[in-house]
Visitor: 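For reference, the structure I am asking about is given below.
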Protein chains: 2
Amino acid sequence: MKATLPGATVSRLPVYLRTLAALPSTQTTCSSEQLAALAGVNSAQVRKDLSYLGSHGTRGVGYRIAELRDQIRKALGLTHDYGVVIVGAGNLGSALANYGGFAAWGFQVAAVLDADRGKVGSEVAGHEVESIDDLEAIVTGRSVSIGIIATPSWAAQEVADRLTRAGVRSILNFAPAIIDVPEGVEIRRVDLSTELQILTYHLKQQD
Amino acid sequence: MKATLPGATVSRLPVYLRTLAALPSTQTTCSSEQLAALAGVNSAQVRKDLSYLGSHGTRGVGYRIAELRDQIRKALGLTHDYGVVIVGAGNLGSALANYGGFAAWGFQVAAVLDADRGKVGSEVAGHEVESIDDLEAIVTGRSVSIGIIATPSWAAQEVADRLTRAGVRSILNFAPAIIDVPEGVEIRRVDLSTELQILTYHLKQQD
DNA sequence: TAGATTGTTAATCGATTAACAATC
DNA sequence: TAGATTGTTAATCGATTAACAATC
């Protein structure tokens, strides 16, 4: 396997993984053509992506599904569980905490934090909401490796600073703010209104 | 302005818009260098993106903030309001309905729908949850142009089919499913576990 | 004028995809 | 063998960015 995969390939691997999971369990092999159709991409792209994994399909046959699934999981680092801390116990934080898909992919919610004392102690998705004051202790003590920011925008940068100082190197930011993080920390942004605004651009184009 | 903007430019425009909004109100012009630093991109890229808009900055000075904001809004089609229907009143649907940023950018939640009769009639973010049976009537009657799918995966395709048949041409899909839509319908996917899995890839790379 | 900053070119980089030899 | 499908090449496409003339 190549030391680093192209970024576009990395972002398609999860899609392939979900596509494979949706295949009927009677099927044991799968062609790049079928995978491409289900994932909505080009079949040459599927083959190229998979070739980066050192995944060896069989010419004339296709890829063995079970083997391919394992290779993708390994490439993505999904071979063990990751502790996740959700910061912000509002509607979004609660929705995330309740998200069933977490555990299925090896993500364990280690804690749900909030700055609002009124929320601390209440229950969200089986987790007692804890105080953001304990962020550092929780990150260290519970081996948290991923932080999810579901706070208001104005609080996002400070939360990110505290997370990174505590050793978190991967952050998913749902607040509509651009956040600076030190070198070596990976941050991804999921922004609802950006998505909506991209949609409106395309709506406008159609008129 | 060019008839169509490069895709990458379209997805950066919302970021510029938010960056401009965060600038101190005493500032009236802004250089590509400053905008780039705040948005986290290259300044040549900012200038290129803005040149597509026919936006004319002033050499030696920069861009007039108010004018630039209006041009970006116009380019994105944010000059009028859009009706949005949220399908699925679970945690995620509720979080979306409660999302404050909607109205600020001209998105009006026209309805929140659910298939569960137990949820119909309950209140979510000031909206009485309505039955999914009325989807078509609501889309047509309330001029809905954007559909948000916040249902379980297995229901996502059918909801998309019903939305597009009712005339919706822009869909934001939060269900972790690949959905087929007819030509001319724009669909964007926001997938929490894909984002997390991309983060784990980078975590793995650092070890 | 001198300094600053745009708008645009041209080079580069990375991603996509058609095509096909290799081979099961 | 004949048919199917991979793995990879090479062409193409689109996006990024350094550099700088234009010009406020």
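Below, chain A is the first sequence line, B the second, and so on; all start at residue 1. What's counted below: heavy atoms across the whole structure, side chains too, no hydrogens, waters or symmetry copies.
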Visitor: Does a side-chain N or O from Tyr63(B) land closer than 4.0 Å to OP1 or OP2 of dG7(C), or not?
Guide: yes

Visitor: Distance check needed: dT6(C) C1' versus Glu67(B) CD, whole Å only.
Guide: 14 Å

Visitor: So which protein N/O to nucleotides 8-15 of chain D N/O distances come out below 3.5 Å?
Guide:
| unit_1 | atom_1 | unit_2 | atom_2 | d |
| --- | --- | --- | --- | --- |
| dA15(D) | OP1 | Gly7(B) | N | 3.4 |

Visitor: Could you tell me if the side chain of Val41(B) sits less than 4.5 Å from the side chain of Val46(B), heavy atoms only?
Guide: yes

Visitor: May I ask you to verify if any side-chain N or O of His56(B) is less than 4.0 angstrom from the OP1 or OP2 atom of dG7(C)?
Guide: yes

Visitor: Rounded to whole Å, how long is the line connecting atom CG of Leu50(B) with atom C1' of dT5(C)?
Guide: 13 Å

Visitor: Does any donor atom in the side chain of Gln205(A) or Glu186(B) lie under 3.5 Å from an acceptor atom in the other side chain?
Guide: no

Visitor: Can you tell me if Thr164(B) uses its side chain to pair, donor with acceptor, with the backbone of Asp161(B) under 3.5 Å?
Guide: yes

Visitor: Using a 3.5 Å limit for the pairing distances, which stems of at least 3 consecutive Watson-Crick or G-U wobble pairs does DNA chain D take part in?
Guide: C:3-24 with D:3-24

Visitor: Please enumerate all residues that pass side-chain hydrogen bond (donor to acceptor under 3.5 Å, both in side chains) together with Glu136(A), with sequence neighbours excluded.
Guide: Arg162(A)

Visitor: Roughly how far apart are Gln197(B) CD and Thr200(B) OG1, rounded to 0.5 Å?
Guide: 6.0 Å

Visitor: side-chain hydrogen bond (donor to acceptor under 3.5 Å, both in side chains) with Arg59(B): which residues, sequence neighbours excluded?
Guide: none

Visitor: Quickly, which of Ile86(B), Leu163(B), Leu172(B) forms a side-chain contact (heavy atoms from CB on, under 4.5 Å) with Ile149(B)? Name it, please.
Guide: Leu163(B)

Visitor: In whole Å, I'd like the distance from the CD atom of Gln71(B) to the C1' atom of dG7(C).
Guide: 14 Å

Visitor: Tell me, do Asp70(B) and Lys74(B) make a side-chain contact under 4.5 Å, heavy atoms counted?
Guide: no

Visitor: Output every pair passing side-chain hydrogen bond (donor to acceptor under 3.5 Å, both in side chains) with a member in residues 94-109 of chain B, not counting sequence neighbours, ordered by first then second residue.
Guide: Asn91(A)-Asn98(B), Ser193(A)-Tyr99(B), Asp81(B)-Gln108(B)

Visitor: Taking CG from Leu53(A) and P from dG7(D), how many angstroms apart are they, rounded to a whole number?
Guide: 10 Å

Visitor: Please evaluate residues Asp49(B) and Gln45(B) with respect to the criterion side-chain hydrogen bond (donor to acceptor under 3.5 Å, both in side chains), reporting the C-alpha separation (whole Å), side-chain torsions for both, the decisive distance (0.1 Å), and the verdict.
Guide: CA-CA 6 Å; Asp49(B) 285 339; Gln45(B) 187 156 75; 5.6 Å; no

Visitor: Side chains of Cys30(B) and Leu23(B), heavy atoms from C-beta outward: is any pair under 4.5 Å?
Guide: yes

Visitor: Report the residue (Thr58(A) or Asp49(A)) whose heavy-atom-nearest nucleotide on DNA chain C is the more 5′ of the two.
Guide: Asp49(A)

Visitor: Which residues within residues 31-43 of chain B lie with some heavy atom under 4.0 Å of an atom in DNA chain C?
Guide: Ser31(B), Ser32(B)

